[in-house]
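Inspection log for the structure reproduced underneath, given as structure tokens.
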2 protein chains.
Amino acid sequence: MTQQQPAEFTESKRGISAHLEAEVRQRMSDFAEAFKSMNINKIMSFYADDVVAFDMTPPLQFVGKASYRKSWEKMMPMMKSTDLFEMQDVKIHVNGDLAFVHCLSHMIGTTSDNQSIDSWVRYTGGFRKINGAWMIVHEQISVPVDMETNKALMDLKPEPTAIH
Amino acid sequence: MTQQQPAEFTESKRGISAHLEAEVRQRMSDFAEAFKSMNINKIMSFYADDVVAFDMTPPLQFVGKASYRKSWEKMMPMMKSTDLFEMQDVKIHVNGDLAFVHCLSHMIGTTSDNQSIDSWVRYTGGFRKINGAWMIVHEQISVPVDMETNKALMDLKPEPTAIH
């Protein structure tokens, strides 16, 4: 006897997966809006209490929402405005109440001392559906390093190798 | 009628989850062994064909195993030996055939021009079970940046905020 699932089962599974993927995509889009608004309470509402974050700035990791919030509170006053915050090459992996995503994130803005920023960073996020909402339980944000000079490469642009 | 699952179902679900977590943990441990052996074929056998990697070095992303292999082939000859490769604060999230992990990774070694390396990096990995094996479909590896000097902070040590 074959163990293969009937076609309608596979179709239904695929439908659920596409539905969950759309939920996570919407959540990321809502996060981008919160980021642009620079409202820390709104931004923090996306994080689980036990989030572990590997941020652009030290230390190596922030453990817990209260600790991570302090990093956001330090960073936000350094920005005057965020004019663009877009995600490219977004890939979403989802199964049941677990998901992880990765993308390249493009920010254009102005710092509080009137410097222009136009930067691409790599973003990986881990999500869990908790009480019906997709919460960020982990994230890592970074740029690559020039190993000769030890400089962080803040001005790299994506190559034309878009993910389909 | 209550929709709650009977206790034995919950227990069984927890058992499956612990079993899958152990599988992923073993896979990470096997990867660490492959890394220490500096055998590129062994290392590459952990990656899915369509892996997307955000590595320490540019470009922003490597799309596909063939492209990522080139980065490993460039990096490996720069190392003479890897004396220690350990993961700390390992957290594994798993559901069915999907998992993501994060940890702090500690490497001690010697470069081909006899420089000592003793470095901590942040590691996030996304796994999918493909044909019975947990394959890395995504990873991001980085260190934080000193925003004043734009230097990559290669000599940070973990703070005593270990994850339990």
Side-chain angles (χ1 to χ4, degrees), chain A residues 50 52-64 67 74-75 78 88-89 91 93-105 120-129 137-147 149-159 161-164, chain B residues 50 52-64 67 74-75 78 88-89 91 93-105 120-129 137-147 149-159 161-164:
Chain A
D50 60 353
V52 176
F54 301 163
D55 202 2
M56 284 289 292
T57 54
L60 285 167
Q61 63 180 351
F62 294 90
V63 179
S67 155
K74 224 166 85 180
M75 193 271 277
M78 294 181 192
Q88 183 183 300
D89 293 354
K91 175 80 184 168
H93 293 266
V94 60
N95 192 353
D97 65 0
L98 191 73
F100 68 87
V101 307
H102 56 84
C103 64
L104 301 180
S105 186
W120 287 85
V121 301
R122 298 95 60 89
Y123 179 84
T124 305
F127 290 74
R128 270 196 179 278
K129 206 176 199 177
V137 294
H138 172 63
E139 64 185 16
Q140 181 171 173
I141 305 153
S142 76
V143 294
V145 178
D146 180 329
M147 288 298 182
T149 62
N150 222 24
K151 283 271 179 193
L153 298 167
M154 301 293 290
D155 53 1
L156 292 178
K157 307 272 175 266
E159 302 187 338
T161 51
I163 300 163
H164 300 292
Chain B
D50 60 353
V52 176
F54 301 163
D55 202 2
M56 282 291 291
T57 54
L60 284 168
Q61 63 181 351
F62 294 90
V63 179
S67 155
K74 225 167 85 180
M75 193 271 278
M78 294 181 193
Q88 183 183 301
D89 293 354
K91 174 80 185 170
H93 293 266
V94 59
N95 193 353
D97 65 358
L98 190 73
F100 68 87
V101 308
H102 56 84
C103 64
L104 301 180
S105 187
W120 288 86
V121 301
R122 297 96 59 88
Y123 179 83
T124 304
F127 291 74
R128 271 196 179 277
K129 206 176 200 177
V137 294
H138 172 62
E139 64 186 17
Q140 180 170 176
I141 304 154
S142 76
V143 294
V145 178
D146 180 328
M147 288 299 181
T149 62
N150 222 24
K151 282 270 178 193
L153 298 167
M154 301 293 291
D155 54 1
L156 292 179
K157 307 272 175 265
E159 302 187 338
T161 50
I163 299 164
H164 302 292

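Lettering of chains follows the sequences in order, A, B, ..., and the numbering in each one begins at 1.
Contact count versus chain A (heavy atoms, under 4.5 Å) is highest, among B/Glu139, B/Lys157, B/Met147, B/Met56, for B/Met56. Between chain A and the residues B/Gly126, B/Gly96, B/Gly64, the largest count of heavy-atom pairs under 4.5 Å involves B/Gly126.
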Trace of the side chain to side chain contact (heavy atoms under 4.5 Å, CB included) decision for A/Asp89 with B/Gln61: CA-CA 10 Å; A/Asp89 293 354; B/Gln61 63 181 351; 2.7 Å; yes
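Of the two parts of A/Asn150, the backbone and the side chain both hold a non-hydrogen atom closer than 4.5 Å to a non-hydrogen atom of chain B. With a 4.5 Å cut-off on non-hydrogen atoms, A/Leu153 touches chain B through its side chain but not through its backbone. Heavy-atom distances place the side chain of A/Met154, and not its backbone, under 4.5 Å from chain B. Only the backbone of B/Asp55 has a heavy atom closer than 4.5 Å to any heavy atom of chain A. Residue contact with chain B, scored on non-hydrogen atoms closer than 4.5 Å, involves the backbone of A/Phe127 exclusively. With a threshold of 4.5 angstrom between heavy atoms, A/Ser67 does not approach chain B through any atom at all.
With sequence neighbours excluded, the residues that form a ring-ring contact (aromatic ring centres under 6.0 Å, His included) with A/His138 are A/Phe54, B/His102. Applying the salt bridge (charged side-chain N to carboxylate O under 4.0 Å, His left out) criterion to B/Asp97, with sequence neighbours excluded, gives B/Arg128.
Between the side chain of A/Lys151 and the main chain of B/Thr149, a donor-acceptor pair closer than 3.5 Å is present. Of the possible polar contacts, one joining the B/Gln140 side chain to the A/Gln140 backbone as a donor-acceptor pair under 3.5 Å is found.
With respect to A/Val121, the side-chain contact (heavy atoms from CB on, under 4.5 Å) criterion is satisfied by exactly one of A/Ser142, A/Ser105, A/Cys103: A/Ser105.
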